[in-house]
Protein chains: 2
Amino acid sequence: MRPPEKPDFDAVDAIEHAWRRERPETPVRSIGVISRVWHAAKLLGDDRRRTLAALGVDQATLDLLSTLRRAGPPYRMTPAQLAEQCLVSAGAISQRVVRAEADGLVHVERTASGRRTRHVELSARGHHVVEVTVDRLLTHEQELLDDLSDEQQERLADLLRVLLAGLRTRLGAPDEPGQVGDQR
Amino acid sequence: MRPPEKPDFDAVDAIEHAWRRERPETPVRSIGVISRVWHAAKLLGDDRRRTLAALGVDQATLDLLSTLRRAGPPYRMTPAQLAEQCLVSAGAISQRVVRAEADGLVHVERTASGRRTRHVELSARGHHVVEVTVDRLLTHEQELLDDLSDEQQERLADLLRVLLAGLRTRLGAPDEPGQVGDQR
DNA sequence: CGGTAGATGTTTAGGTCTAAACATCTAGGA
DNA sequence: TCCTAGATGTTTAGACCTAAACATCTACCG
């Protein structure tokens, strides 16, 4: 019903193979997983950028809006919460918020002096953008996975879950549970 | 010996859960795979940037140099070949080459008028950077996968291979086998 | 009540990428 | 031979990101 487990000799297999040929001592064991994760993220990211461009949004903004939307009423979060959820630095959030506010997609509540943001809240317009965009994006992306059976998708998700748990403890915990702008 | 298949309720599970709660009609099936791929790529990429910064190189440059190194003697490729292998646009390669040349990491052979690059070739210095960097990077990254057993790593790689094969036909084939700067 | 340390936001410099407009090259036909 | 179409490189405008310096807040302590 579906192609067998190993489709073909892969572009990533070629990388591994090339290293083995050129530098036999090089430790290539991680390549099979890491390069493929990287490669898949690249293909998916490029596709998402194009898909969203066609819908008139950009990834960074939709990420911001979706995060607020998912949080549920009153659709309001602090910059720190957004940074943690969106997996980007606090500085990146500052910039995203400026753009989104300029586009009328969010309302920003500031401290007395107006120099710092207290909360970011989805505007009616921002809300609307999410409603008309997210389902289309996710439906499209679901189709991209059609070469894997439901069971394969589940197994893949489970293995990635293990990988992520490991990465989080190894990379995301040098200081604290929720720190330097990584996590989700 | 190793933690069970499903470590915990995940940050990605939380996203899926939140959508189900806030918008029950939203098709969330792809999230388990795609968000985790994305998330893993982000953690790995951030870590790689920091690791390489400590070694005094940057990702983009090392990618270029490694690709030339892996190609084997005479360590020389055209911009088009580099773009295909490195998974970035031709424009990005132009920029990488300018920087690498300025740093003496590659030699560039140009057409008569000198306006276009014919080949990019690894210099002795570029060669050296690869030698002292790649093994350390790959050894480090291998450790990041230690939470998965060898067998799990293999199953993960195999499932990602299937995923990538599908993505390539669905996204990378609208024109031709090797086109718009995607592939590897 | 200050004062101040730590937490939280913002700014900026530097780097990277894509898309698309543009420039250059190269082969094959007339 | 010339000439042009298509292939291949380069440039530039616009986005985005991180890191690190900086600014602002806030809460606790004396």
Side-chain angles (χ1 to χ4, degrees), chain A residues 38 41-43 45-54 56-64 77-84 86-103 108-120 171 175-176 178-182, chain B residues 38 41-43 45-54 56-64 77-84 86-103 108-120 171 175-176 178-182:
Chain A
W38 180 254
K42 170 74 169 150
L43 292 180
D46 284 354
D47 177 65
R48 183 176 281 195
R49 181 177 351 87
R50 288 190 271 260
T51 303
L52 290 181
V57 218
D58 67 79
Q59 296 185 90
T61 302
L62 186 63
D63 187 30
L64 182 76
M77 296 173 74
T78 66
Q81 293 173 322
L82 286 165
E84 182 187 312
C86 292
L87 220 51
V88 295
S89 66
I93 292 295
S94 276
Q95 298 175 52
R96 287 182 179 189
V97 169
V98 168
R99 290 189 299 259
E101 188 182 22
D103 291 346
V108 178
E109 188 194 315
R110 300 177 196 284
T111 53
S113 68
R115 319 296 261 97
R116 286 166 74 99
T117 293
R118 233 190 256 294
H119 299 289
V120 181
L171 303 176
D175 283 23
E176 258 203 280
Q179 41 76 261
V180 271
D182 291 335
Chain B
W38 180 254
K42 168 76 171 152
L43 292 179
D46 284 356
D47 178 64
R48 183 176 280 196
R49 182 175 353 87
R50 287 191 273 258
T51 302
L52 290 182
V57 219
D58 67 80
Q59 295 184 91
T61 301
L62 185 63
D63 187 29
L64 181 76
M77 296 174 75
T78 65
Q81 294 173 321
L82 286 165
E84 183 186 311
C86 292
L87 219 52
V88 295
S89 66
I93 292 294
S94 276
Q95 298 174 55
R96 287 182 178 190
V97 169
V98 169
R99 289 189 299 259
E101 188 182 23
D103 290 346
V108 178
E109 189 193 315
R110 300 177 196 284
T111 53
S113 67
R115 319 295 263 96
R116 284 166 75 97
T117 293
R118 233 190 254 294
H119 299 291
V120 181
L171 303 176
D175 283 23
E176 257 204 279
Q179 40 74 262
V180 270
D182 290 334

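The sequence lines fix the lettering, A, B, ..., with proteins before strands; numbering per chain opens at 1.
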*Asks:* Check this one for me: any side-chain N or O of Arg50(A) less than 4.0 Å away from OP1 or OP2 of dA19(C)?
*Replies:* yes

*Asks:* Round to the nearest Å and state the distance from Leu82(B) atom CG to dG9(D) atom P.
*Replies:* 9 Å

*Asks:* To the nearest 0.5 Å, how far apart are CG in Leu171(B) and CG in Asp46(A)?
*Replies:*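 Those atoms lie 9.0 Å apart.
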
*Asks:* Do you know the tightest heavy-atom contact between Thr117(A) and His119(A)?
*Replies:* CG2-O, 3.6 Å

*Asks:* Relative to the 5' end of DNA chain C, which residue comes earlier, Ile93(A) or Arg49(A), by the nucleotide with the nearest heavy atom?
*Replies:* Ile93(A)

*Asks:* Among dT10(C), dT8(C), dT18(C), which nucleotide has an atom closest to any side-chain atom of Val88(B)?
*Replies:*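 Closest of the options to the side chain of Val88(B): dT18(C).
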
*Asks:* Counting C-beta onward and ignoring hydrogens, is there a side-chain heavy-atom pair between Leu43(B) and Asp47(B) closer than 4.5 Å?
*Replies:* no

*Asks:* Specify the separation, in whole Å, of atom CG of Asp46(A) and atom P of dT16(C).
*Replies:*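 Checked: the CG to P distance equals 18 Å.
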
*Asks:* Which residue, Ala60(A) or Thr117(B), contacts DNA chain D at a nucleotide closer to its 5' end, judged by nearest heavy atom?
*Replies:* Thr117(B)

*Asks:* Please state whether the phosphate of dC16(D), meaning OP1 or OP2, lies under 4.0 angstrom from any side-chain nitrogen or oxygen of Lys42(B).
*Replies:* no

*Asks:* Quickly work out the Asp58(A) CG to dA13(D) P distance and round it to whole Å.
*Replies:* 20 Å

*Asks:* For atom CZ of Arg110(B), is the number of surrounding heavy atoms from other residues, nucleotides or ligands below 6.0 Å larger than 12?
*Replies:* yes

*Asks:* For Leu87(B) and Lys42(A), work out which heavy atoms get closest and say how close.
*Replies:*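 Between these two residues, the closest heavy atoms are O-CE, 2.6 Å.
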
*Asks:* Should Val97(B) and Pro79(B) count as side-chain neighbours, where that means a heavy-atom distance under 4.5 Å?
*Replies:* no

*Asks:* Going by heavy atoms in the side chains, are Arg99(B) and Leu64(B) under 4.5 Å from each other?
*Replies:*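 Sidechains of Leu64(B) and Arg99(B): no contact.
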
*Asks:* Within a strict 4.5 Å, meaning less than it, do heavy atoms of the Leu62(B) and Arg48(B) side chains meet?
*Replies:*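 Leu62(B) does not reach Arg48(B) side chain to side chain.
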
*Asks:* Quick one: label Ala80(B) by what it contacts on the DNA or RNA (base, sugar-phosphate, nothing), any heavy atom closer than 4.0 Å.
*Replies:* sugar-phosphate

*Asks:* Taking five pairs at each end of the helix from dC1(C)-dG30(D) to dA30(C)-dT1(D), what angle separates the two helix axes (nearest 10°)?
*Replies:*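 That helix gives 10° between its end axes.
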
*Asks:* To the nearest angstrom, how far is Gln59(B) atom CD from dG14(C) atom C1'?
*Replies:*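 Whole-Å distance recorded here is 15 Å.
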
*Asks:* Can you check the Glu84(B) CD to dT8(D) P distance for me, whole Å?
*Replies:*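 It is 11 Å, rounded to the nearest whole Å.
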
*Asks:* Do Met77(A) and Val120(A) have side-chain heavy atoms sitting under 4.5 Å apart?
*Replies:*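 Not touching, per the 4.5 Å side-chain cut-off.
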
*Asks:* Establish, with yes or no, whether the OP1 or OP2 oxygen of dG14(C) is under 4.0 angstrom from a side-chain nitrogen or oxygen of Arg99(B).
*Replies:* no

*Asks:* May I have the distance from Leu171(A) (atom CG) to dT18(D) (atom C1'), rounded to whole angstrom?
*Replies:*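 From Leu171(A) CG to dT18(D) C1': 16 Å.
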
*Asks:* Under 3.5 Å, which protein N or O atoms sit close to an N or O of nucleotides 20-24 of chain D? Give each pair with its distance.
*Replies:*
{"from": "dT24(D)", "atom 1": "OP1", "to": "Arg115(A)", "atom 2": "NH2", "distance (Å)": "3.3"}
{"from": "dT24(D)", "atom 1": "O2", "to": "Arg116(A)", "atom 2": "NH1", "distance (Å)": "2.8"}

*Asks:* Rounded to whole Å, please give me the gap between CZ in Arg96(B) and P in dT16(C).
*Replies:* 8 Å

*Asks:* Pro79(B) side chain: which of dT26(C), dG9(D), dC17(C) is closest?
*Replies:*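 Output: dG9(D).
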
*Asks:* Between Asp58(A), Asp63(A), Thr61(A), which is the residue that forms a side-chain contact (heavy atoms from CB on, under 4.5 Å) with Arg96(A)?
*Replies:* Asp63(A)

*Asks:* Please state how far atom CD in Glu109(B) lies from atom P in dC25(C), giving the value in whole angstrom units.
*Replies:* 13 Å

